[in-house]
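Just below is one structure, and these are the notes that go with it.
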Amino acid sequence: QVQLVESGGGLVQAGGSLRLSCVASGRTFSSYAVGWFRQAPGKERDIVAAISWSGGGTYYADSVRGRFTISRDNAKNTVLLQMNSLKPEDTAVYYCAARRVSSMQRGPVASRADYNYWGQGTQVTVSS
């Protein structure tokens with residue numbers, strides 16, 4: 001099992017930046033694909049970005065591609081989401097999720113249904 005703890009959320013003006021962190025417990029974090037999701041009030045929880053176990057494969061939602069960057073440091077059991085040029089529509093609770101995968105799986109996991117470990121979420125609010 002793995003436990004996930006997100007941090008780094010907050011209030012920022014439009015055009016600003018935030019960096020979210022997801023720190024995992026356990027010694028086998030490098031065996032997990034990780035994704036960042038977000039959920040605004042009254043909306044579905046949607047994928048924002050995902051990264052493969054090795055970090056060699058990434059996925060971005062169209063709405064954030066070019067503005068957000070996902071990265072990971074397996075030695076530190078950490079996945080980061082750097083968010084630049086933030087917009088009011090980026091306001092949501094951001095969740096980190098993980099799924100144990102085979103070393104043969106080189107790509108990221110982009111489907112919410114495929115993740116079985118979730119953090120508690122961190123609020124991101126972008127003011128206009």
- In terms of hydrophobic clusters joined by side-chain contacts under 4.5 Å, are Leu18 and Phe37 together? no
- Item | Residue pair Val109 / Val101, side-chain heavy-atom distance below 4.5 Å | yes
- Task: Could you list all the disulfide (SG to SG under 2.5 Å) pairs where at least one residue sits in residues 41-128, not counting sequence neighbours?
- Result: Cys22-Cys96
- Message: Could you check whether any side-chain heavy atom of Arg45 comes within less than 4.5 Å of a side-chain heavy atom of Arg38, counting everything from C-beta outward?
- Response: no
- Query: For the side chain of Glu6 and the backbone of Gly121, is there at least one donor-acceptor N/O pair under 3.5 Å apart?
  - Reply: yes
- Shortest non-hydrogen pair, Asn74 vs Ser30, comes out as ND2-CB, 3.6 Å
- Roughly how far, to the nearest 0.5 Å, is OG of Ser31 from CD of Gln105? 12.0 Å
- Between the main-chain N or O of Leu11 and the side-chain N or O of Thr125, is there a donor-acceptor pair closer than 3.5 Å? no
- Indicate yes or no: does Arg65 engage Asp62 in a salt bridge with an N to O separation below 4.0 Å. yes
- Is there a side chain to side chain contact (heavy atoms under 4.5 Å, CB included) between Ile47 and Tyr59 once you walk through the steps? CA-CA 9 Å; Ile47 183 80; Tyr59 168 88; 3.8 Å; yes
- Ring centre gap for Phe29 and Trp53 strictly below 6.0 Å: no
- Message: Applying a strict under-4.5 Å side-chain criterion to I, L, V, M, F, W and Y, I'd like to know whether Ile51 and Val64 cluster together.
- Response: yes
- Task: Decide yes or no for Gln1 and Tyr117: does some side-chain heavy atom of the first lie under 4.5 Å from some side-chain heavy atom of the second?
- Result: yes
- Item | Test item: Arg72 and Ile70 side chains (from C-beta on) under 4.5 Å apart, heavy atoms | no
- Query: How many angstroms lie between atom CG of Asp90 and atom OG of Ser85, to the nearest 0.5 angstrom?
  - Reply: 9.5 Å
- Side-chain heavy-atom pair Thr28, Arg100 within 4.5 angstrom cut-off: yes
- Look up atom OG1 in Thr69 and atom CG in Leu80, then write down how far apart they are to the nearest 0.5 Å. 10.5 Å
- With a cut-off of 6.0 Å (strictly less than), are more than 12 heavy atoms of other residues, nucleotides or ligands near CD of Gln123? yes
- So, for Ala50 and Tyr115, which heavy atoms are closest and what is the spacing to 0.1 Å? CB-OH, 3.8 Å
- Would you tell me whether Asn84 and Ser17 have side-chain atoms, one donor and one acceptor, within less than 3.5 Å of each other? yes
- Task: May I ask you to test the Val79-Trp36 pair for a side-chain heavy-atom distance under 4.5 Å?
- Result: yes
- Item | Sub-4.5 Å side-chain heavy-atom contact between Glu44 and Gln39 | no
- Query: Under 30°, 30 to 60°, or over 60°: which ring-plane class applies to Phe68 and Tyr94, parallel, tilted or perpendicular?
  - Reply: tilted
- Message: Between Thr78 (side chain only) and Val23 (backbone N and O only), is there a donor and an acceptor less than 3.5 Å apart?
- Response: no
- Locate the shortest heavy-atom distance separating Ala14 from Ser128; write the atom from each residue and the value. CB-CA, 4.4 Å
- Any donor-acceptor N/O pair, Ser52 side chain to Gly57 backbone, under 3.5 Å: yes
- Message: I want to check something: taking the side chain as every heavy atom from C-beta on, are Val124 and Leu20 in contact at a cut-off of under 4.5 Å?
- Response: yes
- Short side-chain to backbone donor-acceptor contact, Thr91 and Val126, under 3.5 Å: yes
